[in-house]
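The structure appears right after this line, and notes come after that.
The chains referred to below are lettered A, B, ... by the order of the sequence lines, with proteins before strands, and numbering in each begins at 1.
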Protein chains: 2
Amino acid sequence: MTPPSDLIPSFDLASETEKAIFQAALEVFSRKGKDGARMQEIADQAGINKAMLHYYFRSKDLLYTSVFAHVMSSFFSKLESVMAKPGPFLDRLEEMVGVYIDMHAAQPEVARLWVQENLNGAPVARQILQQGLQTGAGPGPHILLERVRKAVDDGELQPVEPIQLMISILGMTVMFFISQPTMTALDPAISADTAAFLNRRKQHIIQVLRHGISQ
Amino acid sequence: MTPPSDLIPSFDLASETEKAIFQAALEVFSRKGKDGARMQEIADQAGINKAMLHYYFRSKDLLYTSVFAHVMSSFFSKLESVMAKPGPFLDRLEEMVGVYIDMHAAQPEVARLWVQENLNGAPVARQILQQGLQTGAGPGPHILLERVRKAVDDGELQPVEPIQLMISILGMTVMFFISQPTMTALDPAISADTAAFLNRRKQHIIQVLRHGISQ
DNA sequence: CGAGCGATTAACTAAATGGTTGAAACAAAT
DNA sequence: ATTTGTTTCAACCATTTAGTTAATCGCTCG
């Protein structure tokens, strides 16, 4: 069933079922949180028997940790690669906003899972970070912070506290995916054509970041 | 024990225990979500016997719905009263950002509960809205949307899609309270003096909204 | 005092949940 | 065909969980 898609010898010889479990777990955990999720629901969503969950991942805790760690490191590395590029900071920022929104549009569960973890006090995130060795996750968001500091020093930006800007960018890009039910209830145009809405969203964020909204 | 604090005949003769339950439920639900929360944990946090939860609120569902509905309507009414005031839109906005952040600083659980509900697909919020009759909740966020439309028409703002601006404001003000563990891990200065950080946050948001960050 | 009544509690129940197991199905190798 | 190893599953177990109950506390009022 599972053709060895490429010959890269590294990790992840994931079988179809393993991938199905992974995706189902991501969806359920991101909606209900670690404690709210039910193993049976994950199994149903993956279309497999509950025993398989424990066959591939030993326990609920391990399943959650695996999903969270994997998903975060893949997101971070993408982020880094964008921010590491050279060029004017605001252009980098513009690309980052675009990429970030596209990533979340393709997989909104990732942001939701990250929020769930934070609402819960981020115990698993802490544990992963302390083990450290994880996937060589590297500097992660620190790159963005450093880049902002440099841009301010170089006079590219008005003086801005890096962490403040980071929270603002994160908030503007991610908030929609976190509050989608409320927002679509407020404005039906969103669900009518979500892709178009998200394109307008990118432009809006860039506009605000560059020039603000005052006339 | 519970002195009839004022003679307003309306609702809410809540006893001390009822208030304790309410607050404890808010805290636990906001961390774990409706399904993740345990009635025992709520009881422990409130310092009472678990049976009292069912004595005052009949079931877990009813407790959650009560807490969510109450908390949302009180937040909305505050919001409305700020936006309804006259004066230049950007001044209103500035006041709103300040009030909003202060409210969340005083009770971060409210935003967290709202996010939990949204992550879960907002079934309870929907149900409450359909019943409608609830607390005369009124127009709620629509006031903000209308106000933005008017400000654009009057030439006070650059052309902005109201819902986009609303998401941006919400994102910038609320995101910190949702992602506090991650943010404090990234910048220890935050936990050193959170009040000062939040004041800088207000100024930053206003700066971005008014003029953006480009030099 | 003591009858009445709301508030409170420990002990209990039925159902749901995380996790286990032993056997069966399946595939590839010998 | 037999073996060997992996994948899959139904049935099962122990614990946890929402919800109940019946008894008790503590107050107020006659």
Side-chain angles (χ1 to χ4, degrees), chain A residues 1-5 7 11-68 113 116 120 123-124 127, chain B residues 1-5 11-68 113 116-117 120 123-124 127:
Chain A
M1 284 300 162
T2 309
S5 49
L7 294 182
F11 66 114
D12 224 0
L13 324 178
S15 67
E16 282 309 311
T17 32
E18 190 165 352
K19 284 188 232 164
I21 292 174
F22 204 91
Q23 182 61 26
L26 174 58
E27 284 165 24
V28 176
F29 279 136
S30 74
R31 297 211 159 277
K32 306 283 185 131
K34 178 178 156 183
D35 292 342
R38 302 288 156 228
M39 295 296 268
Q40 186 62 58
E41 192 182 344
I42 296 176
D44 292 347
Q45 179 112 358
I48 54 150
N49 189 283
K50 180 165 68 83
M52 300 305 300
L53 300 182
H54 295 91
Y55 178 76
Y56 282 98
F57 306 81
R58 289 217 321 223
S59 66
K60 191 185 185 182
D61 277 331
L62 242 41
L63 175 55
Y64 179 83
T65 305
S66 301
V67 171
F68 184 78
L113 184 68
Q116 287 278 9
N120 206 15
V124 176
Q127 165 204 326
Chain B
M1 284 299 160
T2 309
S5 49
F11 65 114
D12 225 359
L13 323 178
S15 67
E16 282 308 312
T17 32
E18 191 166 352
K19 283 188 233 164
I21 293 175
F22 203 92
Q23 182 61 26
L26 174 58
E27 283 165 25
V28 177
F29 279 134
S30 74
R31 295 211 161 276
K32 305 285 185 130
K34 177 178 157 183
D35 293 341
R38 303 287 159 232
M39 294 295 268
Q40 187 62 58
E41 193 182 344
I42 296 176
D44 292 347
Q45 179 111 0
I48 53 149
N49 189 284
K50 180 167 68 82
M52 299 306 296
L53 300 183
H54 295 91
Y55 181 74
Y56 282 99
F57 307 81
R58 290 214 323 221
S59 66
K60 191 184 184 182
D61 277 330
L62 241 41
L63 175 56
Y64 179 83
T65 305
S66 301
V67 171
F68 184 78
L113 184 68
Q116 287 278 10
E117 173 67 11
N120 206 15
V124 177
Q127 165 204 325

Counterpart residues, side chain to side chain contact (heavy atoms under 4.5 Å, CB included), relative to B/N49 (two or more places apart): B/A51, B/M52
Mind running a 4.0 Å heavy-atom check of residues 42-51 of chain B against DNA chain C and sending the residues that fall below it, in number order? B/N49, B/A51
Could you state the CG-C1' distance from B/D35 to C/dT17, rounded to the nearest angstrom? 13 Å
Heavy-atom pair of closest approach, residues A/R38 and A/V28: N-CG1, 4.4 Å
To the nearest angstrom, the NZ-P distance between A/K60 and C/dG19 comes to 8 Å
How would you label the contact of A/Y56 with the nucleic acid (heavy atoms, under 4.0 Å): base, sugar-phosphate, or nothing? sugar-phosphate
Counting distance only, does the side-chain N/O of B/E117 pair as donor-acceptor with the main-chain N or O of B/V124 below 3.5 Å? yes
All heavy atoms of B/Q116 vs all of B/F29, minimum pair found to be CG-O, 3.9 Å
Is the phosphate of D/dT16 approached by B/R38 (side-chain N or O, under 4.0 Å from OP1 or OP2)? no
Considering all heavy atoms of both residues, which atom of A/Q45 and which atom of A/A24 are nearest to each other, and what is their separation? CG-CB, 3.7 Å
Whole-Å distance separating the CG atom of B/D61 from the P atom of D/dT17: 17 Å
Over how many whole Å does the gap from A/M39 atom CE to D/dT16 atom C1' extend? 15 Å
Please report the closest heavy-atom contact between A/M39 and A/L53, naming both atoms and the distance. O-CD1, 3.2 Å
Take atom CD of B/E41 and atom P of D/dG19, then tell me their distance rounded to the nearest Å. 16 Å
Distance check: side-chain N/O of A/T17 vs OP1/OP2 of D/dT7, anything under 4.0 Å? no
note: A/H54, atom NE2; D/dA10, atom P; distance rounded to Å ~ 16 Å
Could you state the atom-to-atom distance from CD of B/Q40 to P of C/dA16 in whole Å? 20 Å
With sequence neighbours left out, what residues match B/F22 under ring pair (Phe, Tyr, Trp, His ring centres under 6.0 Å)? B/H70
Base, sugar-phosphate, or nothing for B/M52, non-hydrogen atoms under 4.0 angstrom? base
Mind calculating the distance between NZ (A/K34) and P (C/dT17) to the nearest angstrom? 17 Å
Check this one for me: any side-chain N or O of A/Y55 less than 4.0 Å away from OP1 or OP2 of D/dC9? no
